[in-house]
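Notes follow once the structure below has been shown.
Numbers here are sequence positions counted from 1.
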Amino acid sequence: MYKVTRELNFCYGHRLLEYAGKCKHLHGHNGKALITLCSSKLDDLGMVMDFTKLKLTVGVWIDNELDHKMILHKNDPLIGLLQENGEPIYVMDKNPTAENIAREIFDYTAKLGFPVTEVRLWETNSCYASYQE
């Protein structure tokens with residue numbers, strides 16, 4: 001099995017609803033997404049996937065949808081206030097934990113037809129969450 005991984009960096013803010021700790025407040029992270037693709041065979045050039053193709057598709061989506069956005073749960077009462085003030089947001093159906101953001105990136109990558117097997121989202125230098133099917 002061949003594996004390739006592309007690192008994509010982005011900044012985001014979030015808060016967790018119904019959380020008892022510090023993360024219940026708006027705060028930000030310098031996130032690092034590691035997207036791993038796997039294949040049992042290589043293409044005619046000897047690649048699982050050209051790293052540039054991943055950057056120009058998933059990387060552009062992350063830049064447009066997640067980078068420098070406040071990622072919030074759809075029931076967050078701050079959504080209206082932030083929108084009224086022109087603040088960029090990304091709304092999720094689930095609490096925007098590192099685990100759920102990793103899943104969001106995984107699902108988008110899979111929807112494009114890439115053979116994604118894992119997405120790791122480093123929220124800090126010492127903590128990451130991952131999603132794989």
Nearest 0.5 Å, please: how far is [atom2] in [Y] from [atom1] in [X]?
| X | Y | atom1 | atom2 | result |
| --- | --- | --- | --- | --- |
| Asn9 | Asp63 | CG | CG | 10.0 Å |
| Glu118 | Phe106 | CD | CZ | 9.0 Å |
| Met49 | Ser39 | CE | OG | 9.0 Å |
| Arg103 | Ser130 | CZ | OG | 12.5 Å |
| Asp50 | Leu45 | CG | CG | 8.0 Å |
| Lys3 | Cys38 | NZ | SG | 5.0 Å |

Pairing of Asp107 and Lys111 as salt bridge, 4.0 angstrom limit: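 Here Asp107 does not pair with Lys111 in a salt bridge, since their nearest N and O are not under 4.0 Å apart.
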Does a donor on one side chain and an acceptor on the other come within less than 3.5 Å for Thr36 and Thr5? yes
What's the shortest heavy-atom distance between [X] and [Y], and which atoms?
| X | Y | result |
| --- | --- | --- |
| Ala129 | Ala102 | O-CB, 4.2 Å |
| Ala33 | Ile105 | CB-CD1, 4.1 Å |
| Leu121 | Ala98 | CD2-O, 3.8 Å |

In this structure, would [X] and [Y] fall into the same cluster of hydrophobic residues linked by side-chain contacts under 4.5 Å?
| X | Y | result |
| --- | --- | --- |
| Leu112 | Ile35 | yes |
| Ile79 | Ile101 | no |
| Met70 | Leu78 | yes |
| Tyr108 | Leu54 | yes |
| Val119 | Phe51 | yes |

On the 0 to 90° scale, with breaks at 30° and 60°, tag the His27-His14 ring pair as parallel, tilted or perpendicular.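 It falls in the tilted class, 30° to 60°.
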Please check: side-chain N/O of [X] versus main-chain N/O of [Y], any donor-acceptor pairing under 3.5 Å?
| X | Y | result |
| --- | --- | --- |
| Asn100 | Lys94 | no |
| Asn30 | Cys11 | no |
| His73 | Asn75 | yes |

Validation: residues 80-93 side-chain donor-acceptor distances under 3.5 Å, sequence neighbours left out:
{"unit_1": "Asn85", "atom_1": "ND2", "unit_2": "Leu81", "atom_2": "O", "d": "2.8"}
{"unit_1": "Tyr90", "atom_1": "OH", "unit_2": "Glu104", "atom_2": "OE2", "d": "2.5"}

Stepwise, does the side chain to side chain contact (heavy atoms under 4.5 Å, CB included) test hold for Arg15 with Asp76? CA-CA 9 Å; Arg15 75 173 185 167; Asp76 195 306; 2.8 Å; yes
Side chain to side chain contact (heavy atoms under 4.5 Å, CB included) between Leu8 and Lys32, worked out: CA-CA 6 Å; Leu8 299 167; Lys32 175 173 60 173; over 6 Å; no
Between Tyr12 and Phe10, is the ring centroid distance below 6.0 Å?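 Close enough - the centres of the two rings lie under 6.0 Å apart.
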Taking the side chain as every heavy atom from C-beta outward, state whether Lys53 and Phe114 have any atom pair closer than 4.5 Å.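 In contact.
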Decide yes or no on side chain to side chain contact (heavy atoms under 4.5 Å, CB included) for Leu42 and Val48, but give the supporting numbers first. CA-CA 5 Å; Leu42 302 176; Val48 171; 3.8 Å; yes
Other members of the hydrophobic cluster containing Trp122, with the 4.5 Å side-chain heavy-atom rule, please. Leu34, Tyr128
Within a reach of under 6.0 Å around CG of Asn125, are more than 12 heavy atoms found that belong to other residues, nucleotides or ligands?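 Check fails, neighbour count at 12 or below.
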Before you tell me yes or no, could you show the steps for Lys55 and Arg6 under side chain to side chain contact (heavy atoms under 4.5 Å, CB included), namely the whole-Å CA-CA distance, both residues' side-chain angles and the distance that decides it to 0.1 Å? CA-CA 8 Å; Lys55 179 182 177 184; Arg6 175 75 197 217; 3.2 Å; yes
